[in-house]
Structures are given as C-alpha cells and as structure tokens.
Undergrad: 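I'd like to ask some things about the structure below.
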Amino acid sequence: LNSNITIPQSVETIGEQAFYGCSSVTTLVIPDNVTALGTSAFGSCDKLTSVTLPKDIITSAPTFSPVAMLFRQYPFQAVLNLLNNQLFPI
C-alpha cells in the first residue's frame, strides 16, 4: 500500500476499518466532500503523521488510534469535531 493516500473526490464516507492496520500509511488527505468516517477507519495506522481533514467531518466512534496523536498536526476544529462525536455520539 502507498504511504501517501489521497481519498478521491467521489468518496463521501469511509467505512469501518477501511484502512485499519495499514502500517505503511504516513500521509492522508481526506477531501471536503467526505462527511463521515467509520469506526477504526484508520485505527492502528502507526506511522500516520500527517492528516488533512474536512472541517465538518462526522464520526460516531474512535477513528484514529490513539486519539491523542490527532493534536500533533491536524486542524484544531477538526479534532474537536472528531472528539465531540466520539465522546458524545448522536
């Protein structure tokens, strides 16, 4: 698997465990048209160091692991949205 992943513009949701355990992924770009991430969609992607997230993304469960890594490089509002949806699911 490529270490740099850019999700195509045609994708609107990323399913549960879609990239789970993809240890080679280092960079991830999720376009603005993606509105939802499934449970553990990027769980155990241990080398992931750069993520571009849409501002209004929705998730109902943990998507990345560990969640604390999100604060390294991601837009603060995107992290807040992810944490809010993980801690207080709809």
Side-chain angles (χ1 to χ4, degrees):
L1 188 61
N2 192 338
S3 63
N4 301 312
I5 294 178
T6 299
I7 304 299
Q9 291 287 331
S10 59
V11 174
E12 294 179 3
T13 62
I14 298 174
E16 192 170 303
Q17 297 186 347
F19 294 90
Y20 186 89
C22 292
S23 59
S24 65
V25 177
T26 58
T27 302
L28 173 65
V29 177
I30 301 175
D32 287 339
N33 54 302
V34 174
T35 57
L37 297 176
T39 302
S40 297
F42 300 96
S44 295
C45 292
D46 300 330
K47 294 181 183 174
L48 190 58
T49 58
S50 176
V51 175
T52 302
L53 293 171
K55 185 179 83 170
D56 297 322
I57 197 132
I58 296 171
T59 179
S60 60
T63 303
F64 298 90
S65 60
V67 173
M69 77 165 222
L70 292 173
F71 284 105
R72 282 194 226 155
Q73 297 188 25
Y74 315 123
F76 185 69
Q77 187 60 51
V79 172
L80 287 180
N81 289 344
L82 282 169
L83 290 176
N84 183 48
N85 289 320
Q86 290 178 22
L87 296 174
F88 308 103
I90 298 172

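The analysis underlying the following values was restricted to heavy atoms, covering all of them including side chains, and did not include hydrogens, waters or symmetry mates. Counting from 1, the numbers follow the sequence of the chain as shown.
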Undergrad: So, using side-chain contact (heavy atoms from CB on, under 4.5 Å) as the criterion, who are the partners of Gln17 when residues are at least two apart?
TA: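 Residues passing side-chain contact (heavy atoms from CB on, under 4.5 Å) with Gln17: Tyr20, Ser40.
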Undergrad: To check you understand the geometry: which heavy-atom pair defines the closest contact between Pro54 and Pro31, and what is its length?
TA: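 Scanning both residues completely, I find the closest heavy atoms to be CG-O, 3.1 Å.
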Undergrad: Indicate yes or no: at least one non-hydrogen side-chain atom of Phe42 is less than 4.5 angstrom from one of Leu37.
TA: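 Yes, their side chains come closer than 4.5 Å.
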Undergrad: With a 4.5 Å limit on heavy-atom distance, are the side chains of Ile30 and Ile57 in contact?
TA: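 Yes, their side chains come closer than 4.5 Å.
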Undergrad: Nearest 0.5 Å, what's the OG-CG distance between Ser3 and Leu28?
TA: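 Rounded to the nearest 0.5 Å, the OG-CG separation comes to 11.5 Å.
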Undergrad: Tell me, please, which residues at least two apart from Asn4 pass side-chain contact (heavy atoms from CB on, under 4.5 Å).
TA: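 Asn4: side-chain contact (heavy atoms from CB on, under 4.5 Å) contacts with Asn2, Thr26, Thr27.
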Undergrad: If I take atom OG1 from residue Thr35 and atom CD from residue Glu12, how far apart are they, to the nearest 0.5 angstrom?
TA: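 Interatomic distance, Thr35 OG1 to Glu12 CD, rounded to 0.5 Å: 6.5 Å.
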Undergrad: Run the side-chain contact (heavy atoms from CB on, under 4.5 Å) test against Val11 and tell me which residues pass, sequence neighbours left out.
TA: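 Val11 satisfies side-chain contact (heavy atoms from CB on, under 4.5 Å) with Ile7, Pro8, Ile14, Val34 once adjacent residues are dropped.
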